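A short worksheet on the structure shown next.
Residue numbers start from 1 in every chain, and the chains themselves are labelled A, B, ... in the order their sequence lines are given, proteins ahead of strands. These figures come from a predicted structure and were not determined experimentally.
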There are 2 protein chains.
Amino acid sequence: MSARPGTVRPGGRTARVRTAVLRAAGDILAEHGFAHLDLADVARRAGVGKTTVYRRWGSVTGLVTDLLAELAHDAAPHRETGSLPGDLRAYALLVQREAADARQGALLRAVVAAAPCDGRTAAALRRFFEVRVEEWVPCVEQGVARGELPAGTDAAAVVRAVSAPLHQELLTTGVAPAPHAAECAARAAYAAAVAGAYAGAAPVTGR
Amino acid sequence: MSARPGTVRPGGRTARVRTAVLRAAGDILAEHGFAHLDLADVARRAGVGKTTVYRRWGSVTGLVTDLLAELAHDAAPHRETGSLPGDLRAYALLVQREAADARQGALLRAVVAAAPCDGRTAAALRRFFEVRVEEWVPCVEQGVARGELPAGTDAAAVVRAVSAPLHQELLTTGVAPAPHAAECAARAAYAAAVAGAYAGAAPVTGR
DNA sequence: AGCGTAACGAAACTGCAGAACCGTTTACCC
DNA sequence: GGGTAAACGGTTCTGCAGTTTCGTTACGCT
């Protein structure tokens with residue numbers, strides 16, 4: 001009835017269609033970029049009817065949004081290295097690898113491009129980063145507990161500071177940052193946090 | 001001839017048309033965002049023929065690109081405050097104000113969105129940031145000369161580190177960062193630079 | 001001032017993304 | 001294993017972004 005297609009009978013063919021379409025969309029995104037992402041192409045490559053793609057995803061932004069949700073779902077498990085510099089370095093390299101990966105990097109650029117055009121996409125993007133940050137915040141908080149960082153440090157700000165320069169480079173130059181840049185970003189965030197740059201006035205952001 | 005329209009007779013009406021179109025495009029961008037930027041709307045609001053807009057700018061991305069070039073052209077003059085923390089703070093607040101401004105913020109988001117779809121736009125975006133960075137690099141270099149920062153500091157990296165978290169916030173949340181965030185970014189970049197995070201690849205161990 | 005043509009503008013045209021229709025397949029429940 | 005309707009898919013249609021055409025305006029040069 002009013003339930004969206006794909007939610008009442010999610011098994012069997014429906015699931016196969018979803019997998020094939022997302023896979024094809026990812027391929028096209030990695031090969032030709034966001035600009036030439038045509039739903040008819042996706043349908044053809046996925047071996048699926050054009051109608052189906054339009055019915056279930058509606059538009060390019062919808063498809064990209066679903067793709068992002070899928071990416072966020074199988075998040076890479078991260079192991080703590082024991083020291084905060086090591087953890088931040090691991091996070092920076094994760095972001096760097098992600099940006100350098102053809103599929104994930106292209107997807108990231110596509111999502112950022114589509115976000116201003118579509119509310120759902122914007123929400124998905126926000127959620128994606130929130131989850132990311134929340135995942136790595138504990139590392140920073142442990143650093144505070146261990147006395148590596150001053151009390152009152154805004155852990156989320158530290159995590160965001162690691163990824164920010166890497167994402168900026170990807171988005172502005174169109175080229176993925178080098179591993180060296182990732183290590184530099186991690187070092188910088190750590191040094192700034194140690195110096196208390198994120199422990200100043202209480203942030204109003206969040207809650 | 002093969003010269004593009006608007007280049008042979010740039011005066012009088014041609015200039016008026018250009019001004020009106022860019023103004024209208026900026027208005028629509030600020031009001032309705034990048035998604036609903038229709039060239040026919042722009043033409044109507046500018047009191048100009050639809051044909052003219054298509055002939056001179058060709059597409060939405062072309063128009064956005066020209067708009068960006070215009071913005072980069074009248075760059076805000078920056079005065080040096082005498083101290084590096086002060087300069088970085090001034091730069092951070094400039095970026096923050098820009099992001100918070102309805103027209104400029106919307107334009108920035110639109111350009112980033114359009115960049116993956118169009119080579120010229122991507123180049124314009126890259127150029128825009130390059131100019132920005134070059135403008136503020138001297139402040140950092142003076143800081144190095146004064147001995148505030150370690151020798152071998154990558155001045156451009158420091159400048160980029162200031163703007164990165166602010167732009168990331170604008171692009172991922174869709175909301176412009178607060179002035180507080182700008183000051184935090186400036187503090188962090190300064191602290192990291194002082195600690196030598198942007199100087200060479202070797203980790204900071206006194207030495 | 002007069003001329004050549006660059007640039008503009010209104011209207012008619014075209015191509016294609018996306019929607020509608022409807023018959024076919026198949027997942028889920030008993 | 002049989003019934004029901006959810007979901008698929010081929011075809012056709014439509015709305016509109018973008019193009020073409022051609023007549024009009026006015027910039028810049030002498």
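The distance between atom CG of Asp38(B) and atom C1' of dA17(C), rounded to the nearest whole Å, is 15 Å. Straight-line distance from the CZ atom of Arg16(A) to the C1' atom of dA7(D): 12 Å, rounded to whole Å. For the pair Lys50(B) NZ and dA10(C) C1', the interatomic distance rounds to 10 Å; values are reported in whole Å. Note: CH2 (Trp57(A)) to P (dG18(C)) measures 15 Å, nearest angstrom.
Closest approach of Tyr198(A) to Cys184(B), counting heavy atoms only: CD2-SG, 3.5 Å.
Contact check, Thr14(B) against dA7(C): no side-chain N or O comes under 4.0 Å of OP1 or OP2. Taking side-chain N and O atoms only, Arg55(A) has no distance below 4.0 Å to OP1 or OP2 of dG10(D). One finds no side-chain N or O of Arg13(A) lying less than 4.0 angstrom from the OP1 or OP2 phosphate oxygen of dG9(D). Side-chain N/O atoms of Tyr54(B) include one lying less than 4.0 angstrom from OP1 or OP2 on dG18(D). The phosphate of dC8(D) (OP1 or OP2) has a side-chain N or O of Arg56(A) nearer than 4.0 angstrom.
For the side chain to side chain contact (heavy atoms under 4.5 Å, CB included) criterion with Trp57(B), the lone passing option out of Leu39(B), Asp66(B), Thr65(B) is Asp66(B).
Not a single donor-acceptor contact under 3.5 angstrom links the side-chain atoms of Ser59(A) to the base of dG18(C).
Picking from dT20(D), dC8(C), dC8(D) the nucleotide with the shortest atom distance to the side chain of Val17(A) gives dC8(D).
Between Trp136(B) and Tyr91(B), the ring planes lie tilted relative to each other; the angle falls in the 30° to 60° range.
Side-chain atoms of Val17(A) and Val21(A), non-hydrogen and from C-beta on, do get closer than 4.5 Å to each other.
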